[in-house]
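Heads up: the structure comes next, in structure tokens.
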Amino acid sequence: MRFILVCFLVLIYGASSHAQVVLTNVSQIGGVWHRAVLSDSAMPAQGGAAWFDYNNDGWYDLYLTGGEAPDVLYSNNGDGTFTDMSLIAGITILDNRQTNGVTSGDVNRDGWNDLFITTTKNFPNYLLLNNGDGTFSLASNWAGSEHAANSFSASFGDVDLDGWLDLYVCNWSRNMEVTTSGPIVSVDSESNYFYMNDGEGLLQSRAVELDIDDSLGCALGVMFTDYDNDNDQDIFVANDFGFFNGNSPNRMFRNNYPNLSFSEVSAGLGLDQEMNGMGVAKADLNEDGVLDYLVTNIRTDRLMISGFSGYDEEAVLRGIQNDSVWLQDLISRDWNVGWGAGFLDIDNDADEDLVVANGSLSYNFPHPTLDSNKLFLNDGHGGFTEASFASGFSDTYISRALAYCDYDLDGDLDVFVGITDSLTGVSTSFLYRNDTQVGDYLQVKATGVQNNPNGIGVKVLVYTDVLIQMREIGGESSFNSQHWQVAHFGVGGLHQIDSIQVVWPGGNSEWFYEIMTNQFIEVVEGQGILITGIDNVAENSVKTFPNPFSTSFSIHANDHGYYRLFDSKGNLVLSGNLKTGRTDVESNSIESGGYLLSVELSDGNIVTRKIIKQ
């Protein structure tokens, strides 16, 4: 049966499945002038990247951490270029903080994406709240404001499914013993942080209480993911030095929702790999409806494929070896080192490929061509072929961060790779624009109402006559980084999808039928497909949060105007002037039930929203 399906796919996807992948570095012409600078010789791993829409204009912006260099917020201009908005946005408050990783999410459910920044050793981590006017403010009244560690990757998720984002933070060792000849002989572990959202946007420390601090680990990568398909978010942690006596290997913490507790299950699943775990990535490679996981490593990465009783390691078997082919590499100890990674359908041929950022631990790496970044193309049968040099992706500098996004919204995925090299004179990291002649696509953004507004934990499934594709929207860290939170599907030569299924955390599903391809759609929980395409400016410019609401709600608009609220009988119950940015509406005077909000913008466009008072 599988052979028949593959034959159908070959016939349908035809030329698109053999398209030559072309990735063009456009960082300088795009205005992305930035690279991270080493701030810790004991752990040369600075540099993070996050794709997120900080100003709600529909274009995805880019935040870069810098190590000893300043962080930068690049605003997407919508024409393939970016503008440095760091000073205007207030990001310069983090100058001289030695930053590592970054992740983004709407922590306080006000409709604007906030930022969480991790740092090295003696600095606390930082939560930056989005003010909705193009600026950020430093949050000081949260549990981690005084927690100093050696933090790297972090990720947002919602473990209790209350619609408010929680946060997991990886902490690496602050102490190691090194012999005079150089080899590391012991590494002290460091407990991780976990912060639960109190439902008002404040984060409370709960890692020890829930026994997910992994006090014997040296964590570098993390993702929230539903490995067991029970519609809640589990936590997968990649640990460095997992092979040292007394140190933790990689960990999978199973969420026992609705009980607020976790069980460590990695050993029983075969996920307890003892390795130098760095970054993480996920995909359903064997198309069994269960996610598979990649963890980058020093030398060969580990690819964990789901089976009947757990996971089997299949990196070499499937052609994702990702290590040096040079014998002298073993002598010099300058081994191939993987960091950020991501599965993505880079050529839109209906299977997921793999990109990995590689970079030596040594900044005087003598042969950087041995350690180039890697692109592995999926052959449609579960195997991979390396296409790094042929595609233009094989830069030979010291890479760390990796995050993908369709930043120019042309239907194919682009890739940012963060550079921390300081010897060769390279001045910028690499922004790779995808110039491949690709097939058709569908992009799905999920906005939660009862669930978290970022759609983290949502599964999106695309159904056609010949295949089913699944994506899980997440805030996974790659390494120190975050991909865009949109489900991207390549569909080869198909111009219409039979149906898509959106599975919200908790298990509720919504179905949509006969969806045309080659578009970006937004599914709002309980409200259907709300936004189609970036050109629908009026629809994209108005959001309401929270929904449902109790005593008040906020309208967020990119223009000023007037709002009216009607009850189910069409009676006007509230009205008022609308400001550009955030307008708060008190609703104590109205009864519980469903309402229609009508917003008239100054340019004459009218936008309507269905909202519910609890």
Side-chain angles (χ1 to χ4, degrees), residues 36-49 65-68 97-103 116-126 144 147-155 167-178 183-195 207-208 212-223 235-251 253 273-280 295-298 337-341 357 359-363 398-402 418 420 476-482:
V37 175
L38 176 67
S39 64
D40 184 358
S41 59
M43 183 53 181
Q46 279 66 58
T65 64
E68 284 193 345
R97 295 300 201 281
Q98 296 186 7
T99 55
N100 280 337
V102 56
T103 191
F116 182 78
I117 314 297
T118 66
T119 66
T120 59
K121 293 188 175 178
N122 298 322
F123 294 97
N125 299 316
Y126 299 98
H147 286 181
N150 202 20
S151 301
F152 285 86
S153 298
S155 182
L167 177 68
Y168 196 95
V169 183
C170 292
N171 290 326
W172 194 78
S173 174
R174 281 186 280 186
N175 297 289
M176 65 170 61
E177 181 182 349
V178 183
I184 299 169
V185 295
S186 69
V187 177
D188 290 342
S189 53
E190 187 87 21
S191 297
N192 299 328
Y193 299 145
F194 176 71
Y195 302 102
V208 175
I212 53 175
D213 59 327
D214 194 20
S215 60
L216 299 179
C218 297
L220 286 175
V222 62
M223 68 166 65
I235 303 173
F236 185 42
V237 178
N239 276 320
D240 197 4
F241 298 110
F243 48 83
F244 276 16
N245 185 33
N247 282 12
S248 295
N250 297 337
R251 296 294 201 192
F253 296 102
Q273 297 288 299
E274 298 178 347
M275 58 184 293
N276 292 109
M278 307 293 194
V280 289
V295 183
T296 57
N297 190 27
I298 296 178
V337 184
W339 300 91
S360 173
L361 292 170
S362 173
Y363 273 67
I398 306 292
S399 301
R400 295 290 184 264
L402 182 146
T420 58
E476 60 265 22
S477 58
S478 175
F479 172 76
N480 277 353
S481 303
Q482 175 190 293

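None of these values were measured; they are calculated from a predicted model.
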With Thr65 as partner, the option from Thr118, Ile117, Asn100 fulfilling side-chain contact (heavy atoms from CB on, under 4.5 Å) is Ile117
Taking all non-hydrogen atoms of both residues into account, name the closest pair between Ser189 and Cys218 and its distance. CA-SG, 3.9 Å
If we only count heavy atoms from C-beta on, is the Tyr195 to His147 side-chain gap below 4.5 Å? yes
Test log, rule side-chain hydrogen bond (donor to acceptor under 3.5 Å, both in side chains), inputs Thr120 and Gln98: CA-CA 6 Å; Thr120 59; Gln98 296 186 7; 3.0 Å; yes
Quick check against the 3.5 Å criterion: does Ser481 have a side-chain atom that pairs as donor or acceptor with the backbone of Ala49? yes
Phe236: partners by ring pair (Phe, Tyr, Trp, His ring centres under 6.0 Å), with sequence neighbours left out: Tyr293
Using a distance-only test with no angle check, is there a side-chain donor-acceptor pair under 3.5 angstrom linking Asn276 and Asp240? yes
Locate the shortest heavy-atom distance separating Tyr193 from Ala149; write the atom from each residue and the value. OH-CB, 3.2 Å
Between Asn247 and Gly242 (side chain of the first, backbone of the second, donor and acceptor by atom type, cut-off under 3.5 Å), is there such a pair? no
Any donor-acceptor pair under 3.5 Å linking the side chain of Asn171 with the backbone of Ser191? yes
Please give me the minimum heavy-atom distance between Ser151 and Asn125, naming the atom from each residue. OG-ND2, 3.0 Å
Going by heavy atoms in the side chains, are Thr119 and Thr99 under 4.5 Å from each other? yes
For the residue pair Phe253 and Tyr168, categorise the inter-ring angle as parallel (less than 30°), tilted (30 to 60°) or perpendicular (more than 60°). tilted
Could you tell me if the side chain of Ile212 sits less than 4.5 Å from the side chain of Val237, heavy atoms only? no
